[in-house]
2 protein chains.
Amino acid sequence: MQSSDPIPSAAPTHDPAETRSRLLDAAEQLFAEHGFNGVSMRTITGTAGVNLAAAHYHFQGKEGLYRAVFERRVVPMNEERARLLQACLDEEARTGQLDPSAVLDAFIGPAIRISAAPGADNFRRLSGRASADPSPEARRTIYELYDTVAARFVDILARACPHLAQEDLFWRLACIYGAMMYVRADSGRLQQLLGSEYSMADSSAAMHHIIPVLAAGLAVPSLAKSRGKGKRRSSRGS
Amino acid sequence: MQSSDPIPSAAPTHDPAETRSRLLDAAEQLFAEHGFNGVSMRTITGTAGVNLAAAHYHFQGKEGLYRAVFERRVVPMNEERARLLQACLDEEARTGQLDPSAVLDAFIGPAIRISAAPGADNFRRLSGRASADPSPEARRTIYELYDTVAARFVDILARACPHLAQEDLFWRLACIYGAMMYVRADSGRLQQLLGSEYSMADSSAAMHHIIPVLAAGLAVPSLAKSRGKGKRRSSRGS
DNA sequence: GTCTATACCACGATAGAC
DNA sequence: GTCTATCGTGGTATAGAC
């Protein structure tokens, strides 16, 4: 090649990809340990060995960095969720049956097994806490990343549980989401209370124990006080 | 009165009790909305109409104020929990039976119904988030307030579920705590996903739906891979 | 396009006047 | 018991070097 270099990343002062990933790794760890508002950009950039303003250049500030930390992990996780949910639907097309346990597995599994990805253990705790932790604005930002697949999950789960009214579904999902987030957040509270050494980082144990318990909760008959009707889908008139 | 005033609280510049409660109310609301690190002492004192340094005088800083917000609500809540748990034990002494549902009710009920107390609705969300939200140090501080009664609950629940190994108990408690905290934290996520208007602030609906679901989860037989033994207390070999 | 140096205002905390 | 002044540090923004 001659003087005018058509390859933009041929010889940058520093490697941008390296700078970005160093920032993401440091931010992931520190956000997980101290929460969004509990860490300073100066601490993150110091840990990453990157200049403060360079972080602003790449991520447009703290919120942008926070969001980028999530995007890196959530995008592949969503793909796995979508794939497993589709497998449930395929199974339904074949057998005419939709197993609530399989649907739970397709949604919770990727969220729990994420700690198996290299370096993602910090993200597991971070994402568990993020569902409640930050300010409403920050939560919305994160929720957006999950929205499409989460809505799909809720829809399929509702189909798998035709005995449940919308009201039932709401509260059972509270138990499902609550358990999933509590395990991901891994506060250490139960180890402390039980004086035991079981670890929530053990994703296969988590799945083995939690899915059947949540499935048993889903199997409980409707508890909706069906005054008038109050049942689910279709003509949900007032 | 002449120059030296022997009565300390006769005519203070402002009423200390008023100052304290105004600060607690403002802090409770703002901490619930934005988290510990998401609010400034200046915002809290500004909302309360109290001077910044006066807040430091009364609560020794931000952490002290945070802890005081919890103490005000948790102490009476613990008393109710202890009372209801004792009722479970009395019932057991009479009938020889310990109902897991009743034990769940005794522990979760006071935590959910707390939003019925005047002004405590903010605290419900705050306490739900606090289980994961703040830094580890701040979490320890809060956990201490719950410790005694929580340990008692775990113990009684274990007795009510003799079919469960310690390992089972660990994961079922994760579901129980997860659901309880998720309902208290009330992130608005499920309303958004379901497009429905059910409110987690409705404590009687929450109890009506959640207790039977969690109880069904407790009723699931042991899932512990009892290799060797792994079972719980005494010598209930596999 | 990538990064460094630096300046800005708000924060939590404290000392000392009233 | 309450307030003012002040200090070190936080997130953010910009100017300009490479």
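Residue numbers start from 1 in every chain, and the chains themselves are labelled A, B, ... in the order their sequence lines are given, proteins ahead of strands. Below, all heavy atoms of this structure are taken into account, side chains as well, without hydrogens, waters or symmetry copies. The model shown is predicted, which means the values in this text are computed figures rather than measured ones.
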Under 4.0 Å protein heavy-atom contact, by nucleotide of nucleotides 5-18 of chain C - B base, S sugar-phosphate only
B-B---BBBB----
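- Dashed line: the shortest gap from a side-chain N or O of Tyr57(A) to OP1 or OP2 of dT2(C) is under 4.0 Å.
- Contacts of residues 20-30 of chain B with DNA chain D (heavy atom under 4.0 Å): none.
- Residues Tyr146(A) and Ile142(A) have side chains in contact (heavy-atom distance under 4.5 Å, counting atoms from C-beta outward).
- Side-chain N/O atoms of Gln29(A) and Asp25(A) include no donor and acceptor closer than 3.5 Å.
- Relative to the six-membered ring of Tyr143(A), Arg189(B) meets both conditions, a distance below 6.0 Å and an angle of at most 45° to the axis.
- For Phe123(A), the ring pair (Phe, Tyr, Trp, His ring centres under 6.0 Å) partners at least two apart in sequence or on another chain are Phe70(A).
- The heavy-atom pair separating Ser187(B) from Arg129(B) by the smallest distance is CA-NH2, 4.0 Å.
- Separating the NE2 atom of His34(A) from the P atom of dT9(D) is a distance of 17 Å, rounded to the nearest angstrom.
- If you take NE2 of His58(A) and P of dG11(D), they are 18 Å apart, rounded to a whole angstrom.
- Every residue was checked against the salt bridge (Lys or Arg N to Asp or Glu O under 4.0 Å) condition with Glu79(B), not counting sequence neighbours, and none meets it.
- For Phe170(A), the ring pair (Phe, Tyr, Trp, His ring centres under 6.0 Å) partners two or more places apart in sequence, or in a different chain, are Tyr198(B).
- Counting only residues at least two apart or on different chains, no side-chain hydrogen bond (donor to acceptor under 3.5 Å, both in side chains) pair has a member in residues 52-64 of chain B.
- Put simply, Thr19(A) has no side-chain N or O that comes within less than 4.0 Å of OP1 or OP2 on dT2(C).
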